[in-house]
*Asks:* 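I am attaching a structure below and will ask some questions about it afterwards.
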Amino acid sequence: MKRVMYSPEEVSNMIKQGKTLLLAGAKKVLKNLPKGNWIGGTNVYFMAENGGMQSDELILVSEIPSDVVEFSFKYYDLSTVKNVYKEGYENGFSIIIMPVFTKIHVDFAKASPQYEGFAMKPLAGWVSGTDLDKSGETAKVFLGTEQSVSEDLAVVAHFKLPKEKFAEITIINIWSPGNGDEIEFLEAGFEVKDVKINGKITNFVDYLINNKIDTNLPIVADYNGVMMNISFKEVNLEKKTASFFSTTFKNVVYKFGSVEGDYIDEVMKHAPKDIETNYVFSCNCLANYVGHNLVGKKTGSITGPATFGEIAYQLLNRTMVNLEIKNI
Amino acid sequence: MNITDINNPIWGKLVLGEVNFNPSYLAASLLLWRLKLKLKEKSSTVDVERSKKEIFDLYFKCKDFPNAKADIEAILNLK
(Lines give C-alpha, C1' and ligand atoms only; values in the text may rest on other atoms or scores of the structure.)
Protein backbone atom coordinates (compact mmCIF):
# COMPACT_ATOMS: atom_id res chain seq x y z
CA MET A 1 0.00 0.00 0.00
CA LYS A 2 1.42 3.35 -1.10
CA ARG A 3 1.94 5.84 1.74
CA VAL A 4 0.08 9.14 1.19
CA MET A 5 -0.17 10.82 4.62
CA TYR A 6 2.89 12.85 5.60
CA SER A 7 3.91 15.35 8.24
CA PRO A 8 4.45 18.98 7.16
CA GLU A 9 8.23 18.51 7.62
CA GLU A 10 8.25 15.50 5.28
CA VAL A 11 6.18 17.39 2.68
CA SER A 12 8.54 20.38 2.95
CA ASN A 13 11.44 18.08 2.16
CA MET A 14 9.61 16.63 -0.87
CA ILE A 15 8.95 20.16 -2.15
CA LYS A 16 12.59 21.14 -1.64
CA GLN A 17 13.62 18.02 -3.60
CA GLY A 18 11.65 19.46 -6.54
CA LYS A 19 8.79 16.96 -6.48
CA THR A 20 5.51 17.96 -8.12
CA LEU A 21 2.68 17.52 -5.62
CA LEU A 22 -1.08 17.83 -5.16
CA LEU A 23 -1.80 18.43 -1.48
CA ALA A 24 -4.80 18.33 0.84
CA GLY A 25 -4.58 19.41 4.46
CA ALA A 26 -5.58 21.90 7.13
CA LYS A 27 -4.80 25.57 6.55
CA LYS A 28 -2.34 25.65 9.46
CA VAL A 29 -0.14 22.98 7.85
CA LEU A 30 -0.39 24.06 4.20
CA LYS A 31 0.29 27.76 4.85
CA ASN A 32 3.81 27.09 6.15
CA LEU A 33 5.00 24.93 3.27
CA PRO A 34 7.87 26.27 1.16
CA LYS A 35 7.59 27.64 -2.37
CA GLY A 36 7.68 24.92 -4.98
CA ASN A 37 5.82 22.82 -7.51
CA TRP A 38 2.61 22.17 -5.65
CA ILE A 39 -1.01 23.15 -5.41
CA GLY A 40 -3.31 22.36 -2.52
CA GLY A 41 -6.61 22.88 -0.81
CA THR A 42 -7.94 22.83 2.74
CA ASN A 43 -9.40 19.55 3.87
CA VAL A 44 -9.17 17.46 7.03
CA TYR A 45 -10.96 14.28 5.88
CA PHE A 46 -9.03 11.61 4.05
CA MET A 47 -9.22 8.13 2.62
CA ALA A 48 -5.69 7.35 3.75
CA GLU A 49 -3.46 4.29 3.38
CA ASN A 50 -4.83 2.91 6.64
CA GLY A 51 -8.45 3.83 5.93
CA GLY A 52 -10.70 6.82 6.40
CA MET A 53 -9.34 9.36 8.89
CA GLN A 54 -9.54 12.96 10.04
CA SER A 55 -6.41 14.99 10.74
CA ASP A 56 -5.41 18.63 10.93
CA GLU A 57 -1.75 17.69 11.39
CA LEU A 58 -1.01 15.44 8.41
CA ILE A 59 -1.10 16.24 4.69
CA LEU A 60 -2.37 13.92 1.97
CA VAL A 61 0.13 13.87 -0.90
CA SER A 62 -0.53 12.85 -4.50
CA GLU A 63 2.82 12.89 -6.27
CA ILE A 64 2.78 13.58 -9.99
CA PRO A 65 4.78 10.88 -11.77
CA SER A 66 7.75 11.48 -14.02
CA ASP A 67 5.60 10.75 -17.12
CA VAL A 68 4.71 14.44 -17.05
CA VAL A 69 7.02 16.39 -19.35
CA GLU A 70 5.85 19.95 -18.66
CA PHE A 71 3.47 21.73 -16.33
CA SER A 72 2.04 25.14 -15.48
CA PHE A 73 0.21 26.22 -12.33
CA LYS A 74 -2.08 29.22 -12.02
CA TYR A 75 -5.13 30.75 -10.39
CA TYR A 76 -8.41 31.25 -12.24
CA ASP A 77 -10.97 33.83 -11.23
CA LEU A 78 -14.64 34.20 -12.05
CA SER A 79 -13.87 35.83 -15.38
CA THR A 80 -11.14 33.40 -16.52
CA VAL A 81 -12.36 30.02 -15.24
CA LYS A 82 -14.28 29.56 -18.50
CA ASN A 83 -10.86 29.11 -20.17
CA VAL A 84 -9.80 26.21 -17.96
CA TYR A 85 -10.45 23.47 -20.53
CA LYS A 86 -8.94 25.21 -23.53
CA GLU A 87 -5.79 26.26 -21.65
CA GLY A 88 -4.86 22.68 -20.80
CA TYR A 89 -2.08 21.02 -22.79
CA GLU A 90 -3.21 19.37 -26.01
CA ASN A 91 -2.18 15.97 -24.64
CA GLY A 92 -2.23 15.97 -20.87
CA PHE A 93 -4.53 16.59 -17.96
CA SER A 94 -5.41 19.31 -15.49
CA ILE A 95 -6.22 19.27 -11.79
CA ILE A 96 -8.46 21.99 -10.35
CA ILE A 97 -9.21 22.82 -6.69
CA MET A 98 -11.80 25.44 -5.71
CA PRO A 99 -13.15 26.62 -2.34
CA VAL A 100 -16.62 25.43 -1.38
CA PHE A 101 -19.64 27.75 -1.74
CA THR A 102 -17.70 30.54 -3.39
CA LYS A 103 -18.88 32.34 -6.52
CA ILE A 104 -16.39 30.40 -8.60
CA HIS A 105 -17.67 27.09 -7.19
CA VAL A 106 -21.26 28.00 -8.03
CA ASP A 107 -20.38 29.29 -11.49
CA PHE A 108 -18.32 26.21 -12.30
CA ALA A 109 -21.09 23.92 -11.08
CA LYS A 110 -23.75 25.57 -13.21
CA ALA A 111 -21.84 26.66 -16.27
CA SER A 112 -18.77 24.47 -16.79
CA PRO A 113 -20.52 22.18 -19.31
CA GLN A 114 -20.96 25.34 -21.44
CA TYR A 115 -17.32 26.50 -21.15
CA GLU A 116 -15.37 26.43 -24.40
CA GLY A 117 -13.61 23.13 -24.95
CA PHE A 118 -15.63 21.29 -22.28
CA ALA A 119 -14.60 17.61 -22.10
CA MET A 120 -11.98 18.01 -24.84
CA LYS A 121 -9.11 17.73 -22.34
CA PRO A 122 -9.19 15.78 -19.04
CA LEU A 123 -9.96 17.96 -16.02
CA ALA A 124 -10.28 16.39 -12.57
CA GLY A 125 -10.20 17.89 -9.11
CA TRP A 126 -12.04 18.65 -5.94
CA VAL A 127 -13.74 21.28 -3.81
CA SER A 128 -11.81 22.36 -0.72
CA GLY A 129 -13.63 22.70 2.57
CA THR A 130 -13.36 23.13 6.30
CA ASP A 131 -13.62 21.07 9.48
CA LEU A 132 -17.36 20.42 9.95
CA ASP A 133 -16.96 20.82 13.72
CA LYS A 134 -15.41 24.29 13.51
CA SER A 135 -17.57 27.24 12.61
CA GLY A 136 -16.30 30.48 11.10
CA GLU A 137 -13.59 28.91 8.96
CA THR A 138 -13.45 29.37 5.21
CA ALA A 139 -12.10 26.95 2.63
CA LYS A 140 -8.83 27.87 0.93
CA VAL A 141 -6.69 26.92 -2.05
CA PHE A 142 -2.91 27.29 -2.30
CA LEU A 143 -0.56 27.98 -5.19
CA GLY A 144 2.84 26.67 -4.16
CA THR A 145 4.79 28.29 -7.01
CA GLU A 146 3.80 31.68 -5.56
CA GLN A 147 3.50 30.48 -1.94
CA SER A 148 0.10 32.18 -1.88
CA VAL A 149 -3.39 31.37 -0.62
CA SER A 150 -6.87 32.32 -1.85
CA GLU A 151 -10.40 31.84 -0.58
CA ASP A 152 -12.20 32.91 -3.74
CA LEU A 153 -10.10 31.68 -6.68
CA ALA A 154 -9.66 28.24 -8.21
CA VAL A 155 -6.13 26.89 -8.49
CA VAL A 156 -5.21 24.73 -11.46
CA ALA A 157 -2.25 22.57 -12.40
CA HIS A 158 -1.98 21.80 -16.12
CA PHE A 159 0.23 18.81 -17.00
CA LYS A 160 1.60 17.79 -20.41
CA LEU A 161 2.13 14.13 -21.28
CA PRO A 162 4.38 12.60 -23.95
CA LYS A 163 2.59 11.45 -27.12
CA GLU A 164 2.68 7.75 -26.14
CA LYS A 165 0.70 8.42 -22.93
CA PHE A 166 -2.80 9.67 -22.22
CA ALA A 167 -4.81 10.54 -19.14
CA GLU A 168 -8.19 9.01 -18.48
CA ILE A 169 -10.71 10.03 -15.85
CA THR A 170 -13.19 7.53 -14.46
CA ILE A 171 -15.85 7.82 -11.82
CA ILE A 172 -17.11 5.19 -9.44
CA ASN A 173 -20.71 5.77 -8.48
CA ILE A 174 -22.66 3.04 -6.73
CA TRP A 175 -25.97 4.93 -6.80
CA SER A 176 -28.67 4.54 -9.40
CA PRO A 177 -32.09 6.17 -9.77
CA GLY A 178 -34.66 4.33 -7.63
CA ASN A 179 -38.23 3.44 -8.56
CA GLY A 180 -39.85 6.54 -7.06
CA ASP A 181 -41.35 9.72 -8.46
CA GLU A 182 -39.80 11.70 -11.28
CA ILE A 183 -38.37 15.04 -10.11
CA GLU A 184 -37.64 17.90 -12.51
CA PHE A 185 -36.17 21.28 -11.61
CA LEU A 186 -37.51 24.49 -13.08
CA GLU A 187 -34.06 26.16 -13.09
CA ALA A 188 -30.43 25.06 -12.65
CA GLY A 189 -29.12 25.81 -9.18
CA PHE A 190 -27.99 24.88 -5.69
CA GLU A 191 -31.29 25.83 -4.07
CA VAL A 192 -34.86 25.02 -4.97
CA LYS A 193 -38.36 25.91 -3.87
CA ASP A 194 -40.79 24.45 -6.39
CA VAL A 195 -40.17 21.41 -8.57
CA LYS A 196 -42.17 19.23 -10.92
CA ILE A 197 -43.07 15.89 -9.38
CA ASN A 198 -44.29 13.53 -12.09
CA GLY A 199 -45.00 16.64 -14.19
CA LYS A 200 -46.96 18.55 -11.51
CA ILE A 201 -45.50 21.69 -9.90
CA THR A 202 -45.16 21.20 -6.13
CA ASN A 203 -43.21 22.76 -3.29
CA PHE A 204 -40.25 20.44 -2.83
CA VAL A 205 -40.10 20.72 0.98
CA ASP A 206 -43.81 19.89 1.26
CA TYR A 207 -43.20 16.89 -0.97
CA LEU A 208 -40.25 15.72 1.18
CA ILE A 209 -42.27 16.05 4.41
CA ASN A 210 -45.52 14.57 3.11
CA ASN A 211 -43.69 11.56 1.71
CA LYS A 212 -41.34 11.15 4.71
CA ILE A 213 -38.31 11.12 2.41
CA ASP A 214 -34.86 10.49 3.85
CA THR A 215 -32.73 13.39 2.60
CA ASN A 216 -29.57 11.44 3.37
CA LEU A 217 -30.30 9.79 0.03
CA PRO A 218 -29.01 11.68 -3.02
CA ILE A 219 -31.20 12.41 -6.01
CA VAL A 220 -29.79 10.70 -9.08
CA ALA A 221 -30.11 11.29 -12.83
CA ASP A 222 -28.87 9.29 -15.79
CA TYR A 223 -26.60 11.59 -17.84
CA ASN A 224 -26.27 9.45 -20.91
CA GLY A 225 -25.30 6.29 -19.08
CA VAL A 226 -23.39 8.12 -16.33
CA MET A 227 -25.25 8.28 -13.03
CA MET A 228 -25.02 11.74 -11.44
CA ASN A 229 -25.86 12.32 -7.78
CA ILE A 230 -26.92 15.44 -5.95
CA SER A 231 -26.77 15.42 -2.13
CA PHE A 232 -28.93 17.55 0.11
CA LYS A 233 -27.18 20.26 2.11
CA GLU A 234 -30.13 21.65 4.02
CA VAL A 235 -33.92 21.62 4.12
CA ASN A 236 -35.21 24.97 5.34
CA LEU A 237 -38.70 24.47 6.77
CA GLU A 238 -39.30 28.18 7.32
CA LYS A 239 -38.32 29.31 3.80
CA LYS A 240 -39.61 26.04 2.31
CA THR A 241 -36.43 25.62 0.31
CA ALA A 242 -33.98 22.76 -0.12
CA SER A 243 -30.30 23.29 -0.92
CA PHE A 244 -27.73 20.91 -2.37
CA PHE A 245 -23.99 20.27 -2.49
CA SER A 246 -24.07 20.39 -6.27
CA THR A 247 -26.23 21.96 -8.91
CA THR A 248 -29.37 20.53 -10.40
CA PHE A 249 -30.12 21.04 -14.09
CA LYS A 250 -33.31 21.95 -15.91
CA ASN A 251 -34.91 19.42 -18.30
CA VAL A 252 -33.29 16.46 -16.54
CA VAL A 253 -35.30 13.76 -14.77
CA TYR A 254 -34.02 12.92 -11.27
CA LYS A 255 -35.17 10.26 -8.82
CA PHE A 256 -34.16 9.48 -5.28
CA GLY A 257 -31.18 7.16 -5.44
CA SER A 258 -30.95 3.60 -4.37
CA VAL A 259 -27.98 1.43 -3.63
CA GLU A 260 -27.72 -2.23 -2.87
CA GLY A 261 -25.14 -3.91 -0.71
CA ASP A 262 -22.16 -2.69 1.29
CA TYR A 263 -20.50 0.55 0.12
CA ILE A 264 -16.93 -0.79 0.03
CA ASP A 265 -17.97 -4.02 -1.76
CA GLU A 266 -19.95 -2.03 -4.32
CA VAL A 267 -17.11 0.45 -4.93
CA MET A 268 -14.65 -2.35 -5.60
CA LYS A 269 -17.20 -4.07 -7.84
CA HIS A 270 -17.64 -0.87 -9.89
CA ALA A 271 -13.91 0.01 -9.97
CA PRO A 272 -12.13 -0.13 -13.35
CA LYS A 273 -9.60 -2.94 -13.82
CA ASP A 274 -6.14 -2.13 -12.42
CA ILE A 275 -7.32 1.19 -10.97
CA GLU A 276 -5.70 0.44 -7.63
CA THR A 277 -2.23 0.35 -9.13
CA ASN A 278 -2.63 2.87 -11.98
CA TYR A 279 -4.30 5.90 -10.48
CA VAL A 280 -2.40 9.14 -10.12
CA PHE A 281 -5.10 11.16 -8.44
CA SER A 282 -8.29 10.17 -6.65
CA CYS A 283 -10.84 11.82 -4.41
CA ASN A 284 -14.01 10.66 -2.74
CA CYS A 285 -16.99 12.57 -1.44
CA LEU A 286 -17.27 13.70 2.17
CA ALA A 287 -20.92 12.62 2.05
CA ASN A 288 -19.72 9.06 1.35
CA TYR A 289 -17.13 9.33 4.14
CA VAL A 290 -19.80 10.45 6.60
CA GLY A 291 -22.83 8.62 5.17
CA HIS A 292 -21.10 5.24 4.91
CA ASN A 293 -19.04 5.74 8.06
CA LEU A 294 -15.71 5.22 6.28
CA VAL A 295 -13.50 6.05 9.28
CA GLY A 296 -10.94 3.25 9.50
CA LYS A 297 -12.25 1.59 6.32
CA LYS A 298 -10.39 1.24 3.04
CA THR A 299 -11.62 1.46 -0.55
CA GLY A 300 -9.05 -1.08 -1.70
CA SER A 301 -5.77 0.76 -2.02
CA ILE A 302 -7.35 3.90 -3.48
CA THR A 303 -6.54 6.97 -1.41
CA GLY A 304 -7.40 10.65 -1.63
CA PRO A 305 -9.16 13.51 0.11
CA ALA A 306 -12.82 13.10 1.11
CA THR A 307 -14.09 16.33 -0.33
CA PHE A 308 -16.92 18.85 -0.51
CA GLY A 309 -17.34 18.04 -4.20
CA GLU A 310 -15.53 16.05 -6.85
CA ILE A 311 -14.69 17.19 -10.35
CA ALA A 312 -14.53 14.95 -13.39
CA TYR A 313 -14.85 17.49 -16.21
CA GLN A 314 -17.78 18.97 -14.26
CA LEU A 315 -18.82 19.12 -10.62
CA LEU A 316 -20.04 15.83 -9.16
CA ASN A 317 -21.35 14.71 -5.83
CA ARG A 318 -21.23 11.52 -3.77
CA THR A 319 -18.88 9.90 -6.26
CA MET A 320 -15.28 8.72 -6.39
CA VAL A 321 -13.17 10.30 -9.14
CA ASN A 322 -9.95 8.72 -10.39
CA LEU A 323 -7.37 9.86 -12.92
CA GLU A 324 -5.00 7.39 -14.52
CA ILE A 325 -2.08 7.81 -16.91
CA LYS A 326 -2.03 5.05 -19.51
CA ASN A 327 -0.03 3.99 -22.54
CA ILE A 328 -1.71 4.52 -25.93
CA MET B 1 -13.57 1.74 -38.85
CA ASN B 2 -13.27 5.26 -40.26
CA ILE B 3 -13.79 8.38 -38.24
CA THR B 4 -12.76 10.84 -40.94
CA ASP B 5 -16.27 11.60 -42.20
CA ILE B 6 -18.17 14.18 -40.17
CA ASN B 7 -20.89 14.03 -42.84
CA ASN B 8 -21.84 10.52 -41.79
CA PRO B 9 -25.50 11.00 -40.71
CA ILE B 10 -24.89 8.96 -37.55
CA TRP B 11 -23.30 11.96 -35.83
CA GLY B 12 -26.50 13.96 -36.29
CA LYS B 13 -28.64 11.07 -35.07
CA LEU B 14 -26.38 10.74 -32.04
CA VAL B 15 -26.66 14.37 -30.87
CA LEU B 16 -30.39 14.48 -31.57
CA GLY B 17 -30.93 11.33 -29.52
CA GLU B 18 -32.37 9.48 -32.52
CA VAL B 19 -30.12 6.55 -31.70
CA ASN B 20 -29.65 5.25 -28.19
CA PHE B 21 -25.99 5.06 -27.27
CA ASN B 22 -24.23 5.27 -23.90
CA PRO B 23 -20.52 5.94 -24.46
CA SER B 24 -17.96 4.13 -22.39
CA TYR B 25 -15.57 7.09 -22.73
CA LEU B 26 -16.56 9.39 -19.84
CA ALA B 27 -15.74 12.67 -21.60
CA ALA B 28 -17.99 11.67 -24.49
CA SER B 29 -20.85 10.69 -22.16
CA LEU B 30 -20.82 14.06 -20.45
CA LEU B 31 -20.39 16.02 -23.67
CA LEU B 32 -23.16 14.10 -25.41
CA TRP B 33 -25.46 14.66 -22.41
CA ARG B 34 -24.82 18.41 -22.57
CA LEU B 35 -25.31 18.55 -26.37
CA LYS B 36 -28.57 16.58 -26.24
CA LEU B 37 -29.85 18.81 -23.43
CA LYS B 38 -29.00 21.93 -25.43
CA LEU B 39 -30.64 20.60 -28.59
CA LYS B 40 -33.78 19.78 -26.62
CA GLU B 41 -34.17 23.53 -26.04
CA LYS B 42 -33.01 24.79 -29.43
CA SER B 43 -32.24 22.64 -32.45
CA SER B 44 -31.68 24.88 -35.47
CA THR B 45 -29.57 23.46 -38.29
CA VAL B 46 -26.64 25.56 -37.07
CA ASP B 47 -27.00 24.17 -33.52
CA VAL B 48 -27.13 20.60 -34.78
CA GLU B 49 -24.09 21.11 -37.03
CA ARG B 50 -22.14 22.71 -34.18
CA SER B 51 -23.06 19.86 -31.82
CA LYS B 52 -22.12 17.21 -34.39
CA LYS B 53 -18.74 18.87 -34.79
CA GLU B 54 -18.13 18.96 -31.03
CA ILE B 55 -18.72 15.26 -30.45
CA PHE B 56 -16.94 14.34 -33.70
CA ASP B 57 -13.92 16.48 -32.74
CA LEU B 58 -13.71 14.85 -29.30
CA TYR B 59 -13.76 11.34 -30.73
CA PHE B 60 -11.35 12.30 -33.52
CA LYS B 61 -8.91 13.75 -31.00
CA CYS B 62 -9.14 10.67 -28.76
CA LYS B 63 -9.49 8.03 -31.47
CA ASP B 64 -6.49 6.06 -30.23
CA PHE B 65 -7.67 5.81 -26.61
CA PRO B 66 -9.16 2.34 -26.01
CA ASN B 67 -12.55 3.43 -24.63
CA ALA B 68 -13.00 6.11 -27.30
CA LYS B 69 -11.91 3.66 -29.99
CA ALA B 70 -14.51 1.12 -28.83
CA ASP B 71 -17.18 3.84 -28.82
CA ILE B 72 -16.31 4.96 -32.36
CA GLU B 73 -16.57 1.42 -33.63
CA ALA B 74 -19.96 1.00 -31.93
CA ILE B 75 -21.24 4.40 -33.16
CA LEU B 76 -20.25 3.75 -36.76
CA ASN B 77 -22.12 0.45 -36.59
CA LEU B 78 -25.32 2.05 -35.30
CA LYS B 79 -28.22 2.16 -37.72
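Chain letters run A, B, ... following the sequence lines, proteins first, then strands; residues in each count from 1.
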*Asks:* Counting only heavy atoms not in E18(B) (residues, nucleotides, ligands), do more than 12 fall under 6.0 Å from its CD?
*Replies:* yes
*Asks:* Taking all heavy atoms of M120(A) and all of K61(B), pick out the closest pair and write down the distance.
*Replies:* O-NZ, 3.0 Å
*Asks:* Supply the atom-to-atom distance N322(A) CG to L26(B) CG, rounded to the nearest 0.5 angstrom.
*Replies:* 11.0 Å
*Asks:* Indicate the ring-plane relationship of F249(A) and W33(B), choosing parallel, tilted or perpendicular according to the 30° and 60° boundaries.
*Replies:* perpendicular
*Asks:* Does NZ in K160(A) sit with more than 12 non-hydrogen atoms of other residues, nucleotides or ligands closer than 6.0 Å?
*Replies:* no
*Asks:* Taking the side chain as everything from C-beta on, heavy atoms only, tell me whether R34(B) gets closer than 4.5 Å to Q314(A).
*Replies:* no
*Asks:* In terms of heavy-atom proximity below 4.5 Å to chain A, should N20(B) be classed as side chain, backbone, both, or neither?
*Replies:* neither
*Asks:* Among S24(B), A27(B), S29(B), which residue has the highest count of heavy-atom pairs closer than 4.5 Å to chain A?
*Replies:* A27(B)
*Asks:* Find the distance between CZ (F118(A)) and CD (E54(B)) and round it off to the nearest 0.5 Å.
*Replies:* 9.5 Å
*Asks:* To the nearest 0.5 angstrom, please state how far the CG atom of N224(A) sits from the CG atom of L32(B).
*Replies:* 4.0 Å
*Asks:* Listing request: all ring-ring contact (aromatic ring centres under 6.0 Å, His included) pairs with a residue in residues 160-180 of chain A, at least two apart in sequence or in separate chains.
*Replies:* F166(A)-F65(B)
*Asks:* Under 4.5 Å from any heavy atom of chain A, what part of L37(B) do you find: side chain, backbone, both or neither?
*Replies:* side chain
*Asks:* Can you list every side-chain hydrogen bond (donor to acceptor under 3.5 Å, both in side chains) pair that touches residues 164-174 of chain A, not counting sequence neighbours?
*Replies:* K165(A)-N327(A), E168(A)-K326(A), E168(A)-N67(B), N173(A)-N229(A)
*Asks:* Out of curiosity, K69(B) NZ to I328(A) CD1, how far, rounded to the nearest 0.5 Å?
*Replies:* 10.0 Å
*Asks:* Check the surroundings of atom CG in N179(A): do more than 12 heavy atoms from other residues, nucleotides or ligands lie under 6.0 Å from it?
*Replies:* no
*Asks:* So which atom in A119(A) and which in L31(B) form the shortest heavy-atom distance, rounded to 0.1 Å?
*Replies:* CB-CB, 4.1 Å
*Asks:* Sort out for me which of V226(A), N251(A), I171(A) touches chain B most, counting heavy-atom pairs under 4.5 Å.
*Replies:* N251(A)
